[in-house]
**Student:** 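One structure coming up, written as structure tokens, with questions to follow.
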Amino acid sequence: MVRALFPGTFDPIHYGHMDIATRASRLFDEIVVAVYDKPIKTLFFSPEERISLVKQAVSSNPKIRVTGYSGLTVEYARKIGAQVIVRGLRVFSDFEFEFRMALANHRLLPDIEYMALITAEEHTFLSSTTVREIASLGGDVSSMVPPFVAEALKKTLVNMEDTDVPNSIRD
């Protein structure tokens, strides 16, 4: 059995992420979508909320399992017995970043392979940052995320307004 790890912050999950997970599930016996808990960036959703949204997004695919994790991605891959780390590439700048990460991860744990899938053309513009920004400005994200994610974004934005959260937190 070949298990692949698809790590990310998924803040929030969008159709581009779902496309990569689904396509990877056709290549491997099991995909573990791992939601990173403490990235070096401001998060919109808590780790528990992100895990819940990802689980809903991929629930129809029995080959995909969702977990949370912290620490080094390669260490988590070793812990769960993954042989491959899967990442998605949208644009050229993604390639440079992922190439450097693959080399660093290989240096840390040479037994784990690194595989990049090029995103479907209709998702090349998508990023979680783009989704959050459009949603925070009242734009329609229904073509970018599943309906339950759009609803979670609206709810979180209303709560932010109600608690008078500084704009820097919304970035």
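Residue numbers count from 1 along this sequence. These numbers come from the heavy atoms of this one structure, side chains and all, not from hydrogens, waters or symmetry mates.
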**Student:** Looking at every non-hydrogen atom in both residues, tell me the closest pair between A21 and V33 and how far apart they are.
**Tutor:** CB-CG2, 4.2 Å
**Student:** Work out which heavy atom in F28 is nearest to a heavy atom in A4; give both atom names and the distance.
**Tutor:**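 Scanning both residues, the minimum pair turns out to be CD1-CB, 3.6 Å.
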**Student:** Kindly compute the distance separating CG (L117) from CD1 (I20), expressed to the nearest 0.5 Å.
**Tutor:**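 Separation between the atoms: 5.0 Å.
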**Student:** Looking at D94 and G88, what are the two nearest heavy atoms and their distance?
**Tutor:** OD2-O, 4.5 Å
**Student:** Tell me whether F97 shares a hydrophobic cluster with L126, the cluster being built from Ile, Leu, Val, Met, Phe, Trp, Tyr side chains joined at under 4.5 Å.
**Tutor:**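 F97 and L126: separate clusters.
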**Student:** Do the side chain of S136 and the main chain of E133 share a donor and acceptor less than 3.5 angstrom apart?
**Tutor:**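 Here the side-chain-to-backbone pair exists.
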**Student:** If you compare all heavy atoms of S70 against all heavy atoms of Y36, which two are closest, and at what distance to 0.1 Å?
**Tutor:**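 Where S70 meets Y36 most closely, the heavy atoms are CA-CE1, 3.9 Å.
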**Student:** If I take atom CD1 from residue I118 and atom CZ from residue F95, how far apart are they, to the nearest 0.5 angstrom?
**Tutor:**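 Interatomic distance, I118 CD1 to F95 CZ, rounded to 0.5 Å: 9.5 Å.
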**Student:** How many angstroms lie between atom CD of E151 and atom OG of S142, to the nearest 0.5 angstrom?
**Tutor:**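 Nearest 0.5 Å value for the CD-OG distance: 12.0 Å.
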**Student:** Under a 3.5 Å distance rule, please check whether R87 uses its side chain to pair with a backbone N or O of F6 as donor and acceptor.
**Tutor:**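 No; zero donor-acceptor contacts below 3.5 Å.
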**Student:** Taking V58 as the starting point, is it possible to reach I85 by hopping between hydrophobic residues whose side chains are less than 4.5 Å apart?
**Tutor:**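 No, because I85 and V58 fall into different hydrophobic clusters, even though each may have its own neighbours under 4.5 Å.
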**Student:** Evaluate the ring planes of Y76 and Y69, with Trp represented by its six-membered ring, and classify them as parallel (under 30°), tilted (30 to 60°) or perpendicular (over 60°).
**Tutor:**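 Because their plane-to-plane angle is under 30°, the rings of Y76 and Y69 count as parallel.
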**Student:** Answer yes if the side chains of E49 and S46 hold a donor-acceptor pair under 3.5 Å, and no otherwise.
**Tutor:**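 The criterion, which ignores hydrogens and geometry beyond distance, is satisfied for S46 and E49.
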**Student:** Please check if F10 and I80 belong to a single hydrophobic cluster, counting links between Ile, Leu, Val, Met, Phe, Trp and Tyr side chain heavy atoms closer than 4.5 Å.
**Tutor:** no
**Student:** Do V86 and L5 have side chains that get closer than 4.5 Å, going by heavy atoms?
**Tutor:**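 Not in contact.
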**Student:** In Å, rounded to the nearest 0.5 Å, how long is the span from CG of L137 to CZ of R132?
**Tutor:** 12.5 Å
**Student:** For Y15 and P147, work out which heavy atoms get closest and say how close.
**Tutor:**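 Scanning both residues completely, I find the closest heavy atoms to be OH-CD, 4.2 Å.
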**Student:** Please work out whether the ring planes of H14 and H17 are parallel, tilted or perpendicular, with thresholds of 30° and 60°.
**Tutor:**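 The rings of H14 and H17 lie parallel, inter-plane angle below 30°.
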**Student:** Would you indicate whether the side-chain heavy atoms of I112 and V84 approach each other to under 4.5 Å?
**Tutor:**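 Counting from C-beta outward, V84 and I112 never come under 4.5 Å.
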**Student:** Looking at every heavy atom in both V145 and A150, which two are closest together, and how far apart are they?
**Tutor:** CG2-N, 3.7 Å
**Student:** To the nearest 0.5 Å, how far apart are OG1 in T73 and CZ in R78?
**Tutor:** 13.0 Å
**Student:** For the pair N105 (side chain) and V74 (backbone), establish whether a donor and an acceptor sit closer than 3.5 Å, ignoring hydrogens and angles.
**Tutor:**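 Flag not set: sc N105 to bb V74 has no pair under 3.5 Å.
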**Student:** Is any side-chain heavy atom of T9 closer than 4.5 Å to a side-chain heavy atom of S128?
**Tutor:**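 Not touching, per the 4.5 Å side-chain cut-off.
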**Student:** What I'd like to find out is whether the side chain of L153 reaches to under 4.5 Å of the side chain of F44, using heavy atoms alone.
**Tutor:**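 Contact flag for L153/F44 side chains = yes.
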**Student:** Mark yes or no for whether R50, through its side chain, and D11, through its backbone, hold a donor-acceptor pair below 3.5 Å.
**Tutor:**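 Between the backbone of D11 and the side chain of R50 there is no qualifying donor-acceptor contact (under 3.5 Å).
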**Student:** Does the side chain of V35 reach to within under 4.5 Å of the side chain of P47, using non-hydrogen atoms?
**Tutor:** no
**Student:** Are the side chain of Q83 and the backbone of M1 linked by a donor-acceptor contact shorter than 3.5 Å?
**Tutor:** yes
**Student:** Is it possible for you to say whether L157 and F148 belong to one hydrophobic cluster, with membership spreading through side-chain heavy-atom contacts below 4.5 Å?
**Tutor:** yes
**Student:** Any chain of hydrophobic side-chain contacts (each under 4.5 Å) joining L27 to V32?
**Tutor:** no
**Student:** Please enumerate all residues that pass salt bridge (Lys or Arg N to Asp or Glu O under 4.0 Å) together with E30, with sequence neighbours excluded.
**Tutor:** R3, R65
**Student:** Could you tell me whether F99 atom CZ has more than 12 heavy atoms of other residues or ligands within 6.0 Å of it?
**Tutor:**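 No, because the 6.0 Å sphere around CZ of F99 holds 12 heavy atoms or fewer from other groups.
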**Student:** To the nearest 0.5 Å, tell me how far S25 OG sits from I31 CD1.
**Tutor:**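 One gets 6.0 Å once the value is rounded to the nearest 0.5 Å.
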**Student:** Whether the T130 and S127 side chains hold a donor-acceptor pair (N or O, under 3.5 Å, no angle test) is what I'd like checked.
**Tutor:**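 A pair is found: one side chain offers a donor N or O, the other an acceptor, under 3.5 Å apart.
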**Student:** Within the 4.5 Å heavy-atom criterion, are T119 and L89 side-chain neighbours or not?
**Tutor:**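 Answer no - side chains too far apart.
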**Student:** Between D29 and K63, is the closest basic N to carboxylate O distance under 4.0 Å?
**Tutor:**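 Salt bridge between K63 and D29, a charged N being under 4.0 Å from a carboxylate O: no.
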**Student:** Should Y114 and L103 count as side-chain neighbours, where that means a heavy-atom distance under 4.5 Å?
**Tutor:** no
**Student:** For E113, give me all partners under salt bridge (Lys or Arg N to Asp or Glu O under 4.0 Å), at least two apart in sequence or on another chain.
**Tutor:**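 Partners of E113 by the salt bridge (Lys or Arg N to Asp or Glu O under 4.0 Å) criterion come out as none, since no residue qualifies.
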**Student:** Checking T22 side chain against D19 main chain: does a donor-acceptor pair fall under 3.5 Å?
**Tutor:**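 Side chain of T22 to backbone of D19: no pair is present.
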